[in-house]
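Just so you know, these numbers come straight off a predicted model, no measurement behind them. Throughout, residue positions are numbered sequentially from 1 according to the sequence presented. Atom set for the values below is all heavy atoms of this structure, side chains included, hydrogens, waters and symmetry mates excluded.
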Amino acid sequence: MPADLSHIRNFGICAHIDAGKTTCSERILFYTGKTYKIGEVHEGTAVMDSLQEEQERGITIQSAATTCPWTFNGREYKLNLIDTPGHVDFTIEVERSMRVLDGAVAVFDGKEGVEAQSETVWRQADRYKVPRFCFINKMDKIGASFEFSYETIKTRLGANGIPIQIPIGLGHSHRGVIDLMTMKGFLFEGKHGENVVEIEIPEEEKEMAAKYHAIMLEKICELDEALSDKYLEGKPISVPELQAVLRKGTIERRCFPVLCGAALSNIGVQLLIDNICRYLPSPTEKPEVTGTDPRDADIVVTRPHDPDAPFAALVFKVVSDIHGDLTYIRVYSGRLSKGTRLLNPGNGKIENASRIFEMHSANRIPLDEVTAGNIVAVVGIKNSYTGDTLCDSEKPIILERMHFPEPVIAMSIEPKSQDDKRKLSEALGVIRREDPSFRSQFDEETGQTIIMGMGELHLEIIRNKLIRDMKINVETGKPKVSYREAISKKAADVRGLHKKQSGGRGQFGDCMITIEPFTAAEAEAAKLDFTDNLAFDNQIVGGVIPKEYIPSIEYGVRQTAKTGVKFGYPLINVKVTLTYGSYHDVDSSQVAFEQAGTLAIKEAVDRAGPQLLEPIMKVVITVPNDYLGNITGDVSSRRGMILDTEDRGVVKLVHCEIPLSELFGYTTSLRGMSQGRASATMEFLEYRPMPAGIMKEVVEAQQGGKAAAGKK
């Protein structure tokens, strides 16, 4: 394996569900010699789908990492590959993978083009500034169209896609690809397409090749002034010149090369690997990683991608294991030897990296040392979670954390015996550590444990894990929507006074707050911390409240907002400004001011027009024309809003927004209305205020449920 960082490629494969990500990954493993036989998703034998649930369902649930070698242009490259899920319920797996990758391959279905989840993963890659290129897969599928898929990349993603390959044949006649750089054709012969044979462009493809070659040439020349001048003057431009400019544009995310093939038919994958080496960046070509000094958050600290720099790594995944928890890290700088003690600057804990492994899906290969630019798993880390930094204790740094989506669905879960109760508490802690998009809490009023996740499938997988893998007998209630509280107007100068006297020292805390609706964009502009979608702004002057009591007021405000002020759901999208108050020399304490903060926010929300927000899902329904009327009528009956309807051959795509509360069991219902021919994908869009009538029903149902649970 190369020691040279310039020959390392850290990349992920991401896409909409069923676009062929894992199938592509399996071919990459086979052609690089990492596996001796090709695993298939539909047979449950894919190496990268190691969980029993993945093999049974034929979908990827958790991201899987592997390392494999590849020789390109006479040089040996090290490929660190992460295969990510496509199902929206497991979007956290894509999120954390994007945070640590240097590049990505976005895979698209050659018949469907850009689909709903394709847009989501593309936005996630945008958020973390990940260079990527597009692989239009399934060119062997009936109805596949390179032209259509390429157009959707430009129109739906707004991406500057540059075609560098086109297919030879489509559907059953698809047999190879044309490289638009060299204007040569390539066929893939042998039992598994292992023999790449160069041919002249077939006569019937020459016109299409000339058309796309001209598009490619013009688009690449637009990226570079010198090349543009040569192009306009009609001077010849060499292939290395084009490749160099395309590579630079790809790394800077000004363009996205577009390739094609059919992974299941073993067509085009070797050229895909070549282009990963040719166009995606090495760790050294990414900007130096930046973070903050844990002692002063205003001080920006940088680390070069250098094995001799101070050690810094980001934890991006934790997997519980009977042989010791595996903590996946991306090493940004320095080197790590097994047995090294590291600092987690976020919590101040010292960690011991007792063993280091290079991962091949579920299999481990022990290493003595790892250097900057690599992705490995470490055993021995006890107190570090996804998003935490591990670094040299002498040179601390806190790297940027990642974005975790909020859960939108909840259900109750109850253990059947006392022993199960004890085991359940431990198991939920383990799952929370593994999956930051999962939450659990104990409801004091009802005595129930509530688990929350990203969708029905997400909670079903967790339930199965508890019963089947962790051997805990539990019963679950019906899934419930995870609503949010908000306010509709500003309430100024609301007082929270906590005053008690019962012999001896009393309690006195007094604060005045203003509460108003607020957004993340406003918080960013005002440079205010927006943790849990709540900003706290201290405007106390003149010492009317001593400095040491301010954090207590904020803590009281935040804890009350988190557990629900009015309806029992988290309060979001608000700004609380502390404006005035008073204190007592003897009776004031941190606890008293915490209580004052709690009282103030409860009163303030009452005055500010409390309302309930419900999660709205973005839904894309694929339906044959015959059933369009039934489907659109049903969407309206579910309080849905149809945004757009587009033709896609013999089917229609219906883009709509529907409240999550109306979508339980929707997949089954959709099949019934269309004789099994319609399908739908959905993803969380945003929280919106719910109609007053529905809000009243939800509040009454919740209060009734708690009363019934209290009588048990």
Side-chain angles (χ1 to χ4, degrees), residues 9 11 24 27-28 31-32 70-75 77 103 105-108 110 131-140 144-147 149-150 153 160-170 173-190 193-224 227 231 236-250 255-263 265-280:
R9 296 290 182 270
F11 72 99
C24 282
R27 268 61 185 175
I28 291 172
Y31 294 129
T32 57
W70 185 249
T71 303
F72 172 64
N73 282 350
R75 295 175 180 172
Y77 284 76
V105 177
V107 180
F108 302 96
R132 70 215 85 128
F133 57 73
C134 309
F135 181 69
I136 301 177
N137 190 30
K138 300 192 178 184
M139 289 283 97
D140 56 346
S145 167
F146 177 85
E147 198 157 6
S149 299
Y150 173 57
I153 289 169
N160 181 23
I162 300 183
I164 60 171
Q165 290 178 355
I166 61 169
I168 298 176
L170 292 169
S173 62
H174 178 55
R175 55 200 178 97
V177 298
I178 293 167
D179 181 353
L180 298 172
M181 286 282 185
T182 59
M183 292 300 278
K184 295 287 184 183
F186 291 90
L187 303 181
F188 300 83
E189 298 177 347
E194 58 270 36
N195 302 321
V196 183
V197 180
E198 183 181 310
I199 61 166
E200 293 301 315
I201 297 174
E203 198 63 39
E204 67 273 15
E205 303 290 352
K206 283 185 177 177
E207 186 180 336
M208 183 70 81
K211 172 189 167 183
Y212 277 100
H213 177 77
I215 292 171
M216 177 198 75
L217 197 59
E218 185 177 336
K219 281 183 165 287
I220 293 176
C221 290
E222 285 172 358
L223 301 170
D224 182 82
L227 217 57
Y231 176 73
I237 300 170
S238 68
V239 169
E241 281 180 295
L242 289 171
Q243 289 174 338
V245 168
L246 183 58
R247 184 168 205 274
K248 185 171 183 289
T250 303
C255 67
F256 305 94
V258 180
L259 294 79
C260 63
S265 299
N266 309 312
I267 295 172
V269 179
Q270 294 96 317
L271 301 187
L272 172 67
I273 307 172
D274 283 349
N275 284 301
I276 287 167
C277 299
R278 179 180 281 125
Y279 295 115
L280 290 184

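- Within the 4.5 Å cutoff, the side chain of Asp140 has no heavy atoms near those of the Ile267 side chain.
- Summarising the geometry of Cys277 relative to Trp70, their closest heavy-atom pair is SG-CD1, 3.8 Å, with the distance given to 0.1 Å.
- Shown here are the salt bridge (Lys or Arg N to Asp or Glu O under 4.0 Å) partners of Arg278, two or more places apart in sequence or in another chain: there are none.
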Test Tyr212 against Glu147 for side-chain contact (heavy atoms from CB on, under 4.5 Å), laying out the working first. CA-CA 10 Å; Tyr212 277 100; Glu147 198 157 6; 3.2 Å; yes
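- Scanning all heavy atoms of the two residues, the minimum distance from Leu271 to Leu259 falls at O-CD2, 4.3 Å.
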One pair to check against side-chain contact (heavy atoms from CB on, under 4.5 Å): Phe146 and Val258. What are the steps and the verdict? CA-CA 10 Å; Phe146 177 85; Val258 180; 4.2 Å; yes
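- The closest donor-acceptor contact from the side chain of Glu189 to the backbone of Asn195 lies at 3.5 Å or more, if one exists at all.
- Closest of all the heavy-atom pairs between Pro167 and Met139 is CG-SD, 3.7 Å.
- Cys221 contributes atom SG, which lies 8.5 Å from atom CE of Met216 (distance to the nearest 0.5 angstrom).
- At least one donor-acceptor pair closer than 3.5 Å links the side chain of Tyr150 to the backbone N or O of Gly161.
- Across every non-hydrogen atom of Phe108 and Cys134, the tightest pair is CE1-CB, 3.6 Å.
- A heavy-atom distance below 4.5 Å is found between the side chains of Leu246 and Cys255.
- In plain terms, the two heavy atoms of Arg247 and Leu280 that are nearest each other are NH2-O, 3.0 Å.
- Every ring pair (Phe, Tyr, Trp, His ring centres under 6.0 Å) that Phe256 has, sequence neighbours left out, goes to Trp122.
- Taking both residues in full, the closest heavy atoms of Ala209 and Ile201 are given as CB-CD1, 4.1 Å, listed atom of the first, atom of the second, then distance.
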Would you give me the side-chain donor-acceptor pairs under 3.5 Å for residues 173-185, sequence neighbours excluded?
{"residue": "Ser173", "atom": "OG", "partner": "Leu170", "partner atom": "N", "Å": "3.3"}
{"residue": "Ser173", "atom": "OG", "partner": "Leu170", "partner atom": "O", "Å": "2.8"}
{"residue": "His174", "atom": "ND1", "partner": "Ile168", "partner atom": "O", "Å": "3.3"}
{"residue": "His174", "atom": "ND1", "partner": "Gly169", "partner atom": "O", "Å": "3.1"}
{"residue": "Asp179", "atom": "OD1", "partner": "Met181", "partner atom": "N", "Å": "2.9"}
{"residue": "Asp179", "atom": "OD2", "partner": "Thr182", "partner atom": "OG1", "Å": "3.4"}
{"residue": "Lys184", "atom": "NZ", "partner": "Glu200", "partner atom": "OE2", "Å": "2.7"}

As a quick check of understanding, evaluate side-chain contact (heavy atoms from CB on, under 4.5 Å) for Tyr77 and Thr71, giving each step before the final call. CA-CA 6 Å; Tyr77 284 76; Thr71 303; over 6 Å; no
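- Test Ile162, Thr250, Ile220 against Pro257 for side-chain contact (heavy atoms from CB on, under 4.5 Å) and you get one pass: Thr250.
- Here the CD1-CZ distance, from Ile276 to Phe72, works out to 11.0 Å after rounding to the nearest 0.5 Å.
- Between the Glu241 side chain and the Ser238 main chain, a donor and an acceptor come within less than 3.5 Å of each other.
- Glu194 meets the salt bridge (Lys or Arg N to Asp or Glu O under 4.0 Å) test with no other residue; sequence neighbours excluded.
- A donor-acceptor contact shorter than 3.5 Å links the side chain of Arg27 to the backbone of Ala263.
- Not a single ring pair (Phe, Tyr, Trp, His ring centres under 6.0 Å) links Phe188 to another residue, sequence neighbours left out.
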Can you list the steps and then say if Leu272 with Val105 is a side-chain contact (heavy atoms from CB on, under 4.5 Å)? CA-CA 9 Å; Leu272 172 67; Val105 177; 4.1 Å; yes
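- Within the structure, every pair that satisfies the side chain to side chain donor-acceptor pair (under 3.5 Å) test and touches residues 214-224, not counting sequence neighbours, is listed here: Asn160-Lys219.
- Formation of a donor-acceptor pair under 3.5 Å by the Ser149 side chain with backbone atoms of Gly110 is found in this model.
- Side-chain atoms of Gln270 come within 3.5 Å of backbone N or O of Gly193 as a donor-acceptor pair.
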